[in-house]
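This report refers to the structure that appears directly beneath it.
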Number of protein chains: 2
Amino acid sequence: MGGAGPRRRATLADVAARAGVHPSLVSRVLRNDPSGYASSDTRERIRRAALELGYRANDAARGLRSSRMMALGLLLPGFSSPVYSAIAHGVEERADERGYGLVIGTHAAGDPHEAITDMVMRGRVDALLVASGRIEDQALRRLVRRLPESLVLVNRQVKGVAASVVLRDSDAAALAVRHLAELGHRRIGAVFGPRTLDTMVRRRRGFVHECTRLGLEPVVTEMDGRDHGAGFRGALRLLDAAGPPTAVVAATFPVAVGMLSAFHERGVAVPAGMSVVSLHDDAVADYLVPRLTTVMLPAARLGAEAVDLALSLIDGAAPRRVVVPDPPRLISRNSTTAL
Amino acid sequence: MGGAGPRRRATLADVAARAGVHPSLVSRVLRNDPSGYASSDTRERIRRAALELGYRANDAARGLRSSRMMALGLLLPGFSSPVYSAIAHGVEERADERGYGLVIGTHAAGDPHEAITDMVMRGRVDALLVASGRIEDQALRRLVRRLPESLVLVNRQVKGVAASVVLRDSDAAALAVRHLAELGHRRIGAVFGPRTLDTMVRRRRGFVHECTRLGLEPVVTEMDGRDHGAGFRGALRLLDAAGPPTAVVAATFPVAVGMLSAFHERGVAVPAGMSVVSLHDDAVADYLVPRLTTVMLPAARLGAEAVDLALSLIDGAAPRRVVVPDPPRLISRNSTTAL
DNA sequence: CTGTTAGCGCTTTCAG
DNA sequence: CTGAAAGCGCTAACAG
């Protein structure tokens, strides 16, 4: 379109002057405010003027006036985990659809409690999605007391915090067990992360419960992490146990990768000598050796639902607990086989 | 610390009233404004009042008044790629150190051009870091014309856009070649992504140049992507070529993983029958089968440098081209061996 | 259908 | 060392 833009950014007053109307009318028309019924001629003039000047409303002014910044905060433990990437993606997409911006915070350094409180206390964001296990329950409860209408837990539940969105983690673990049982495995192992993470608690519960239900012997190992290293060491521990399992469930995708590595190092063939199922799917599953059987959970949708819940809170709805209904789905690849 | 906080968020006026001074003085003292020299008694009263009320400055008001939102925008192609995760991490950390917030945008949907222009045009962020290859050079040039002091390219260079930060991609590729050559390989293959990505162009240049310099025969394959699938298909193509290589360089980490998978499927043992080096390292490298030799590039530092450059632009410095000086480092694992 | 008025909460002159 | 006044750009009543 036109040449070099003007020095100063165009304001509402500039648009109003150019269109020959009052600023407030411009505001109403440009926002499609119901009270902004202008003659279609005027509307047209305003629209054209705004376009010609490349007008963009100033978010700070708008936010100050309306006390709505049209932004959500997302607190992540980091960017590395594939699940959190998926969640972030889902959050971003839905927030965008709903016209909201996304402010990201991780908390590798500094006091996470302070940092996140600030985002909403300073009015930078209208609500906060907490998708991190690192903040203690205690801190979260204190937080929600101060910000009851603007805190949503993602992939986590904490007693005393009503607004949360989780997946069917327990069902996913049960499905993994069922798959293995159907293949004839009777002695099934599992590597879980620490009990301080409630996803781990729920997955573990589903695992143990389903084993019990089917009359199988669960061989559970709890590690202090849930990354590749934890999987590697957990697999070794399983192998060294009295009566090692013939099949294993990995609490997370990285854990599964670590286990694959450990089995290879110990000369245990997968799936011939050991079947492996991962909880949560990942794009790389198709390119591992062997291709990894997984239980897919809708992580991106988890993020989207969290956004919806947060926006409903902003609109005054009561906090509630959401379980994303999509059932876990088994994606059978080459890391599992009949006993 | 005390009981339930007040209904309404405390404002500067509230603090001033409680401390018995004028709001403007509170503002100056709390910001350590040089013109805010107050008697240490007054300072103390103000500080205490602010603390007691749990005062937090309103970012919208502050931003409106000072036209500095203390926030940076980061435009990513998505959250999936490990390199972009690392960049995001570096950006977030440094921005935080410098007191800046981080607004994330991806652009799976919608017109990316519009979306990013808006972030800064609306004053939501003070500058934009573009770490995405998906926006066309043309669009970027147009953009920088309108926002000369607030656009920084990350991991990318575009003619006409002065502010950019990149890594020593070319040197990394050369280092990979050198490593392979030292192991006695003479016929070295490589799988690169599309030439539309300038990282690919630079890595390819380094690869070809170093091969030539050492008198080796480069066998280059260009794919339309740079993910696992591209690596898989690229490896197959290399294998089917007349006179296949004995060693390969992968343009990205995911490409290397895809190649590993393809070699396994074709019964080509790594490293016995084929050596593999990846450009860029990743935490999972130690858990692949075999453990993957990589050339590490400081992706997180790339993000940090981009933040520094952006803030310098905001402060009025001239745009400049930064090459993160850290030399690429070979991390020798088990996917490469002497011929 | 359109204009007026007021003010969100803060920073920034300028006085004193 | 501290106070007063003005206003950033916008939206939200209320008039007309």
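Below, chains carry the letters A, B, ... as their sequence lines are ordered, and counting in each starts from 1.
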Close side-chain approach of B/R62 to B/R31, heavy-atom, < 4.5 Å: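 They are in side-chain contact.
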
Residue mapping more 5' on DNA chain D - nearest nucleotide basis, B/G20 or B/R65: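 With B/R65 and B/G20 compared, the 5'-side residue is B/G20.
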
Look at all strands and tell whether [X] reaches a base, only sugar-phosphate, or nothing, counting heavy atoms closer than 4.0 Å.
X     : answer
B/S24 : base
B/T42 : sugar-phosphate
B/A60 : nothing

In a table with atom names and distances, give each donor-acceptor pair under 3.5 Å that connects a side chain of residues 298-309 of chain B to protein atoms at least two apart or in another chain.
unit_1 : atom_1 : unit_2 : atom_2 : d
B/R301 : NE     : B/E305 : OE2    : 3.1
B/R301 : NH1    : B/D326 : OD1    : 2.4
B/R301 : NH1    : B/D326 : OD2    : 3.3
B/R301 : NH2    : B/E305 : OE2    : 2.8
B/D308 : OD1    : B/R94  : NE     : 3.0
B/D308 : OD1    : B/R98  : NE     : 3.3
B/D308 : OD1    : B/R98  : NH2    : 3.3
B/D308 : OD2    : B/R94  : NE     : 3.2
B/D308 : OD2    : B/R94  : NH2    : 2.8

In whole Å, I'd like the distance from the [atom1] atom of [X] to the [atom2] atom of [N].
X      : N      : atom1 : atom2 : result
A/L30  : D/dT11 : CG    : C1'   : 13 Å
B/D41  : D/dC1  : CG    : P     : 12 Å
A/I46  : C/dT2  : CD1   : P     : 8 Å
B/M69  : D/dC8  : CE    : P     : 17 Å
A/R62  : C/dC8  : CZ    : P     : 19 Å
B/L64  : C/dC8  : CG    : P     : 13 Å
B/D14  : C/dC8  : CG    : P     : 11 Å
B/M121 : D/dG9  : CE    : C1'   : 15 Å

Side-chain N,O (B/R31) to OP1/OP2 (C/dT12) below 4.0 Å: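 Answer is yes, contact under 4.0 Å.
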
C/dC10 phosphate, OP1 or OP2, under 4.0 Å from B/T11 side-chain N/O: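 So the side-chain polar atoms of B/T11 do come within 4.0 Å of the phosphate oxygens OP1 or OP2 of C/dC10, strictly under.
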
Given [options], which nucleotide is nearest the side-chain atoms of [X]?
X     : options               : result
A/H22 : C/dT5, C/dT12, D/dC10 : C/dT5
A/L25 : D/dC10, D/dT2, C/dG3  : C/dG3
B/L12 : C/dC10, D/dT2, C/dT2  : C/dC10

Donor-acceptor pair present, A/R122 side chain and C/dG9 base, under 3.5 Å: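 For A/R122, whose side chain was compared with the base of C/dG9, there is no donor-acceptor pair (under 3.5 Å).
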
Any N/O donor-acceptor pair, B/R28 side-chain to D/dG3 base, under 3.5 Å: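 Present.
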
salt_bridge(A/D59, B/R124) N-O dist < 4.0 Å: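 Result for this pair is yes, salt bridge flagged.
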
Lys/Arg N to Asp/Glu carboxylate O, B/D41 vs B/R45, below 4.0 Å: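 Looking at B/D41 and B/R45, the cut-off is met.
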
Result of checking A/K159, A/R142, A/R156 against A/D137 for salt bridge (Lys or Arg N to Asp or Glu O under 4.0 Å):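 Exactly one candidate clears the test, A/R156.
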
